[in-house]
Amino acid sequence: MSSEKALRFLAKHGMAPDGIDPAREAEKMAAEMELGLAGKGGSMPMIPTYLSDAGKIPQNEPVVVIDAGGTNFRCGLVRFTAEGCREEQMRKWKMPGIEAPASWEEFIRFTADAIEPLMKETDKIGFCFSYSADITPEMDGRVQRIDKEVVINGCEGQLVGASLLRELERRGVTGKKIVILNDTVAVLLGGLASGDEDGGCAIGQVSGTGTNTCCSLPENRIGKLGRSGDRRMIVNLESGMYDGMPRGDFDRELDEASHNPGIKHFEKITAGVYLGELCHRMLLHAAEEGLLSPATAEKIRALGWIDSAVIDAWAMGEKLEDISACEEDASFVQTLCASMFERSARCMCTNLAAIALLSGEETVSICAEGSLVQKGRVYRPLLEKLVNEEIREKMGKKLHFTVGYETTLAGSAAAALLNL
């Protein structure tokens, strides 16, 4: 009964998973992608990366790699050998701007401090920058915004690569070359370098702290470039920006309270950085509506910030005593949390099916990475089931779905080696 009560609550507020029909929504999303490719507007910018995924990756040539992610900042050396990808001198810190706001200059100095000891090994840098940036023909990135609850002031309009190279040159480190790429593009190239990509429509997918996808398309499909020919280029969809997915009451409430209200609607429905807070707000409202016992309501009001790992445990029926005072309330909490993972998986399946429609290819190869798809005990099986149903069975595509681990570092090195 309590599960049914939770589902009625979700339906009342426009949050029910079955409100997302991947087949129907994919057609709408693919049409929006076409607008972006043509440069005719739409909420997805469909950013050309000027990066190719073609060619043979040179072996035994070191590359400095940087990964500025939604949670962590990593750097080190990567080289490809006959035995595979080898990482050396890897280090990790908290991403600047998480614990306290940072300035752009502070971020660049931090990055230069991290890689300066490595620059004697190579003249190539592959920089995975996991935020919205317009990629230039020189393969630099002009920052649109830094979000995922990371605050770096003065970043808008800055060129990532040029800023870092200037700081290195100020320190006497000269003659270096850099390529800027999104984390999703790095996942695609990392899958290629690992032999996971299998021809046809190649898709990189990130389902973790943030959400995004990319794919490889012939240049003549990218109308705003004005190029002909079938040379392939990787396109960063920035699909977290998509605003055409149905939203509910708590999606709008969370959006208004975020650092970036009015944008990134798709990411706020699907990404790990938001799902815990989304469930928290829903539980507070359920308590206010009298759907939970007073003792459970007190536990909910005492909660601090919770992440997707917490609600993954609750969705699996674990640690429910931390949040509920009786069996009926525990069932309500479990159903609500599981439903949010299902809704997220339905949205991501929509995204992947839309790319499959856009490409027209018979083979669809997806390389996915990120905490939700790697660790999500509820999310990942649901996503794999939905992708099989919607892309393999309904669309009749030959489907390859693989989950990578730490592919962004290999992908950043591959981008530099193939394109510099």
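- Glu167 and Ala112 make their closest contact through CG-CB, 3.6 Å (heavy atoms, listed as atom of the first residue, atom of the second, distance).
- Remark: Glu219 engages Arg231 in a salt bridge, criterion side-chain N to carboxylate O under 4.0 Å.
- One finds the CG atom of Leu352 at 9.0 Å from the CG atom of Leu399 (value rounded to the nearest 0.5 Å).
- Of all heavy-atom pairs spanning Leu51 and Ala415, the tightest one is CD1-CB, 4.4 Å.
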Intermediate values then yes/no, salt bridge (Lys or Arg N to Asp or Glu O under 4.0 Å), Arg346 and Glu342: CA-CA 6 Å; Arg346 283 177 172 269; Glu342 180 183 349; 3.1 Å; yes

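- Here the rule is salt bridge (Lys or Arg N to Asp or Glu O under 4.0 Å) with Asp251, and of Arg343, Lys268, Lys264 only Arg343 fits it.
- In this structure, a donor-acceptor pair under 3.5 Å is present between the side chains of Glu289 and His13.
- Between Arg380 and Glu384 there is a salt bridge, since at least one side-chain N of the basic residue sits less than 4.0 Å from a carboxylate O of the acidic one.
- For the residue pair Asn212 and Asp183, no side-chain donor N or O sits within less than 3.5 Å of a side-chain acceptor on the partner.
- Between Glu361 and Lys397, the shortest heavy-atom contact is O-NZ, 2.8 Å.
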Atom pairs and distances, side-chain donor-acceptor, residues 57-70, under 3.5 Å, sequence neighbours left out:
from, atom 1, to, atom 2, distance (Å)
Glu61, OE2, Lys124, NZ, 2.9
Asp67, OD2, Arg74, NE, 3.4
Asp67, OD2, Arg74, NH2, 2.6
Asp67, OD2, Thr408, OG1, 3.2

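- When every heavy atom of Glu156 is checked against every heavy atom of Gln144, the shortest pair comes out as CG-O, 3.2 Å.
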Full working for side chain to side chain contact (heavy atoms under 4.5 Å, CB included) between Met395 and Glu390: CA-CA 6 Å; Met395 297 174 64; Glu390 299 296 332; 5.6 Å; no

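- Taking CG from Leu181 and CZ from Phe129, the interatomic distance works out to 11.5 Å, rounded to the nearest 0.5 Å.
- Heavy atoms only, all atoms of each residue included: Lys224 and Pro48 are closest at CE-CD, 3.8 Å.
- To the nearest 0.5 Å, atoms CD (Glu88) and CZ (Arg86) are separated by 4.5 Å.
- Heavy atoms only, all atoms of each residue included: Phe73 and Ala114 are closest at CE2-CB, 3.9 Å.
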